[in-house]
Protein chains: 2
Amino acid sequence: MDKLTIKTLAKELQLSVSTISKALRDSHEISIETKKKVLALADQLNYTPNPYASSLRKRKSKTIGVVIPEVVNSFFSQSINGIESIAKEKGYHVLIYLTHESFDNEKSILKDFESGRVDGVLISVCRETENSEHIKELMSKDVPVIFFDRVFNDVNTVKVTTNDFDCAYNATKHLIESGCKNPHFVSIISHLDIINCRLEGFKKALDECKMPFSAGNIINCTTNWEQNYNTLYKKLKAVKKPDGLLCSIENLSIIIYKVCQDLGLKIPGALQVVSFSNLDTASFLHPPLTTITQPAYEIGKTAAAILVKALEKKNFTIPNEQVVIPSELTIRQSTKN
Amino acid sequence: MDKLTIKTLAKELQLSVSTISKALRDSHEISIETKKKVLALADQLNYTPNPYASSLRKRKSKTIGVVIPEVVNSFFSQSINGIESIAKEKGYHVLIYLTHESFDNEKSILKDFESGRVDGVLISVCRETENSEHIKELMSKDVPVIFFDRVFNDVNTVKVTTNDFDCAYNATKHLIESGCKNPHFVSIISHLDIINCRLEGFKKALDECKMPFSAGNIINCTTNWEQNYNTLYKKLKAVKKPDGLLCSIENLSIIIYKVCQDLGLKIPGALQVVSFSNLDTASFLHPPLTTITQPAYEIGKTAAAILVKALEKKNFTIPNEQVVIPSELTIRQSTKN
DNA sequence: TTTATTTACGCAACCGTTTTCGCTATTTCG
DNA sequence: CGAAATAGCGAAAACGGTTGCGTAAATAAA
């Protein structure tokens with residue numbers, strides 16, 4: 001038995017290949033009866049068109065590339081969920097690539113995309129990334145790139161984020177109102193705009209409350225678990241230790257809990273904690289963690305929807321637009337009040 | 001400027017298209033000097049071959065399809081991580097598809113794979129799936145399918161799982177040894193072999209300890225959160241309520257905690273809980289949850305490695321093999337002892 | 001009735017690579 | 001030294017759809 005192609009159908013129905021193709025794509029050039037016959041046979045023989053032949057000719061792959069730092073992460077996995085919902089609805093396929101927070105990985109992934117493998121890209125850049133040349137390079141080849149969550153502001157494209165500044169501000173306010181005298185900002189060393197936004201929100205709250213801010217109020221972590229544990233351990237053991245933490249990275253909040261456990265520091269008695277986090281176990285932690293929950297699903301869904309809509313247009317242009325979907329502060333026992 | 005193809009290089013170097021192609025693929029037919037020239041120009045012009053043209057001609061896509069029920073799940077996201085590690089190493093691309101536990105979705109995804117979109121498939125079947133016809137159908141088209149975690153035993157292929165039976169047995173033993181008189185098995189209605197294995201392990205432990213087993217020892221849940229909450233609420237409020245739970249689904253353990261919180265049931269005082277779970281927050285829950293941690297990363301990695309190795313061979317055959325990677329029981333405060 | 005338009009389909013080029021086969025020039029070997 | 005082997009490259013046919021254009025017949029307009 002040969003492979004089942006359009007030619008098989010053509011031969012069987014005594015029609016030309018082009019007629020079959022047009023019939024399958026529901027072209028107006030083909031009569032209703034012919035279409036019916038073609039569809040019927042295709043169905044009967046269980047014909048599925050070769051996507052690569054189609055992609056080659058149409059210069060469209062119906063595929064979007066998703067580039068994220070990691071997948072074992074509530075935020076990103078929820079984002080994927082949102083992305084997939086749109087992809088499925090619109091008949092797109094989703095290629096997933098992980099950078100593991102490495103700039104080199106990110107670069108080589110985007111380089112591969114220059115081949116036309118994907119019609120468009122959704123990316124949340126990695127921590128190491130300092131400049132956006134590789135992204136601009138890809139966009140110059142007419143591959144649209146849309147940012148979500150971790151964005152670069154100097155790239156002209158859509159950026160779907162949450163209201164990081166406001167959230168950090170509100171959360172810090174909440175800490176202070178709950179009695180914190182010495183709030184600290186837990187973060188990672190990075191050029192990411194998102195981190196900076198959160199830091200600025202933190203600063204503004206301190207400023208408004210006439211609390212002094214200095215670099216000492218920042219606890220900088222890295223991508224190394226051990227190292228972060230030690231950093232936090234030292235900070236939380238110090239004499240003039242913080243009595244409140246705004247944690248800007250979900251993963252770090254777990255380490256904070258661990259350190260407190262090991263140090264015998266009571267939360268929220270000795271230390272209040274609020275974290276950016278999408279953990280659905282947050283309310284079952286000991287104690288339940290006050291979180292800023294990002295609308296991860298919606299962020300992914302929105303970014304994907306905008307990308308797909310653009311791709312479906314003939315001469316699409318991606319606007320330079322900032323789409324902000326607000327997060328929610330959920331107060332639990334890790335902060336008083 | 002035209003598109004940059006092999007023809008561009010050919011024209012530039014006054015060579016034929018076929019020579020370029022062979023040079024790029026490092027064919028022995030081409031002299032070292034020519035290869036160097038070609039590589040140099042390709043590099044200089046930043047040439048990237050069109051993957052779809054290549055896939056069409058070679059009838060290989062260098063792409064694997066991953067079909068899972070959901071992605072917002074520690075186990076599956078860790079599995080993806082493992083899969084990606086192999087894919088990256090071997091130059092494969094990963095298409096992700098979510099079934100959302102719907103059999104119809106699963107079927108239509110596999111149907112699409114008949115088009116040759118992917119070279120091979122890694123699948124963890126969904127709960128609704130009762131038979132494996134759709135999988136056999138795909139395999140009959142020479143698309144290799146490898147199972148991981150949630151398998152079908154009547155399909156002749158590799159199945160990468162963990163030692164579900166033993167783990168359930170050990171965990172149940174642990175419950176009983178910690179004083180449980182009335183252990184229950186929390187599960188979902190499903191034909192999944194994995195669920196059955198766990199149940200059998202549970203049964204064996206009861207049997208060995210001369211404890212009677214009946215259908216009453218099973219708490220059957222569904223995919224509906226609300227409904228599960230109610231089911232568990234009722235069960236845990238009953239007069240002859242369980243004093244120990246073996247939870248076979250990660251997500252359900254969170255609901256159990258919630259119900260206990262709302263009912264004022266102390267864990268582990270009134271109820272001991274052990275769950276199959278890959279939550280890395282397990283040790284920070286209130287109380288820390290005793291878990292059977294599955295080697296999700298390794299399972300994904302192993303399955304992917306076997307698939308890729310098969311794909312790289314000329315006339316590959318997938319053996320009918322069961323690969324078992326053991327899980328680990330981590331005892332925490334949600335069970336006494 | 002003539003002309004213009006529409007309908008429905010076929011022809012063939014094309015998408016960009018890969019691969020088979022054939023050709024020539026050079027080398028190897030008996 | 002002649003034959004055989006080899007090295008290095010090119011021509012062209014795939015791979016499986018898509019699409020612009022041409023055309024004959026059917027229909028509408030004049």
Side-chain angles (χ1 to χ4, degrees), chain A residues 1-39 41-42 45-63 91 112 114-117 119 141-142 314, chain B residues 1-39 41-42 45-63 91 112 114-117 119 141-142 314:
Chain A
M1 194 189 83
D2 320 300
K3 295 113 250 168
L4 178 55
T5 75
I6 262 193
K7 281 175 197 154
T8 322
L9 303 186
K11 208 160 281 172
E12 187 78 20
L13 289 175
Q14 303 274 50
L15 286 170
S16 78
V17 168
S18 58
T19 303
I20 305 290
S21 174
K22 287 170 187 166
L24 289 173
R25 318 196 76 237
D26 200 29
S27 160
H28 63 275
E29 288 184 53
I30 306 299
S31 71
I32 310 282
E33 304 90 66
T34 307
K35 279 183 195 170
K36 269 189 192 160
K37 275 196 289 184
V38 173
L39 266 304
L41 185 65
L45 298 184
N46 203 11
Y47 167 78
T48 39
N50 183 311
Y52 296 121
S54 171
S55 293
L56 175 58
R57 180 61 229 245
K58 296 206 288 189
R59 299 164 165 285
K60 287 229 180 177
S61 61
K62 276 281 198 176
T63 301
D112 175 70
E114 292 181 13
S115 67
R117 188 182 298 282
D119 293 342
K141 312 259 170 168
D142 288 326
K314 223 164 269 143
Chain B
M1 194 188 83
D2 320 299
K3 296 112 249 167
L4 178 55
T5 76
I6 266 193
K7 281 176 197 155
T8 322
L9 303 185
K11 208 161 281 173
E12 188 77 22
L13 290 175
Q14 303 274 49
L15 286 169
S16 78
V17 169
S18 55
T19 303
I20 306 289
S21 174
K22 288 171 189 166
L24 290 174
R25 318 195 78 234
D26 201 30
S27 160
H28 63 275
E29 287 184 55
I30 306 298
S31 71
I32 311 282
E33 304 90 67
T34 307
K35 279 182 195 169
K36 271 190 191 159
K37 275 196 290 184
V38 173
L39 265 304
L41 184 65
L45 297 184
N46 202 11
Y47 166 78
T48 38
N50 182 312
Y52 296 122
S54 173
S55 294
L56 175 58
R57 180 60 230 241
K58 296 207 290 189
R59 297 163 163 285
K60 286 227 178 180
S61 62
K62 276 280 197 174
T63 301
D112 175 70
E114 292 181 14
S115 67
R117 187 183 299 282
D119 293 342
K141 313 258 168 167
D142 287 326
K314 223 165 270 143

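Heavy-atom basis, side chains included; hydrogens, waters and symmetry copies ignored. Small disclaimer: the values here were computed from a predicted structure and weren't measured.
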Atom-pair distance ([atom1] on [X]; [atom2] on [N]), nearest Å:
X	N	atom1	atom2	result
A/K58	D/dT19	NZ	C1'	11 Å
A/K62	C/dC15	NZ	P	22 Å
B/K36	D/dG8	NZ	P	13 Å
A/L13	C/dA8	CG	P	17 Å
A/I20	C/dA8	CD1	P	16 Å
A/I32	C/dC9	CD1	P	10 Å
A/R117	C/dG16	CZ	C1'	14 Å
B/I30	D/dT6	CD1	P	18 Å

Counting only side-chain nitrogens and oxygens, does [X] get under 4.0 Å of the OP1 or OP2 atom of [N]?
X	N	value
B/S21	C/dT18	yes
B/R25	C/dT17	no
A/T5	D/dC15	no
B/Y47	C/dG16	no
A/R59	D/dT18	no

Taking all non-hydrogen atoms of both residues, which atom of [X] and which atom of [Y] are closest, and how far apart?
X	Y	value
B/D112	B/R117	OD2-NE, 2.9 Å
A/L4	A/L45	CD2-O, 3.2 Å
B/A42	B/L9	CB-CD1, 4.2 Å
B/L39	B/A23	CD2-O, 4.0 Å
A/L41	A/E12	CD2-CG, 3.5 Å
B/L56	A/Y52	N-CB, 4.3 Å

Between protein and nucleic acid, restricted to nucleotides 20-22 of chain D and to nitrogen or oxygen atoms under 3.5 Å apart, what atom pairs and distances do you find?
unit_1	atom_1	unit_2	atom_2	d
D/dG20	O6	A/K22	NZ	3.0

- request: Please work out if B/L24 contacts a base, only the sugar-phosphate, or nothing of the nucleic acid, heavy-atom cut-off 4.0 Å.
  value: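 If one applies the 4.0 Å heavy-atom cut-off, B/L24 turns out to touch nothing in the nucleic acid.
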
message: Categorize B/L15 for me: base, sugar-phosphate, or nothing, with a 4.0 angstrom heavy-atom threshold over every strand shown.
response: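 B/L15: backbone/sugar contact only, no base atoms under 4.0 Å.
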
- request: List in chain and number order the residues that pass side chain to side chain donor-acceptor pair (under 3.5 Å) with A/T34, two or more places apart in sequence or in another chain; answer none if no residue qualifies.
  value: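 By the side chain to side chain donor-acceptor pair (under 3.5 Å) rule, A/T34 matches A/S31.
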
- prompt: Between the main-chain N or O of B/N50 and the side-chain N or O of A/S115, is there a donor-acceptor pair closer than 3.5 Å?
  reply: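 Pair absent, no side-chain N/O of A/S115 close to backbone of B/N50.
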
message: Between B/K62 and B/P51 (side chain of the first, backbone of the second, donor and acceptor by atom type, cut-off under 3.5 Å), is there such a pair?
response: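 Looks like no, no N/O pair under 3.5 Å.
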
message: Using the side-chain heavy atoms of B/S31, tell me which of these nucleotides is nearest: C/dT18, D/dC9, D/dG16.
response: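 Comparing C/dT18, D/dC9, D/dG16 against the side chain of B/S31, the answer is D/dC9.
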
query: Which residues within residues 48-57 of chain B lie with some heavy atom under 4.0 Å of an atom in DNA chain C?
result: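 Correct list: B/P49, B/N50, B/A53, B/S54, B/R57.
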
message: For B/S61 and B/D119, which I'm curious about, is there any donor-acceptor pair between the side chains at under 3.5 Å?
response: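 Per modelled atom types, B/S61 and B/D119 side chains form a pair under 3.5 Å.
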
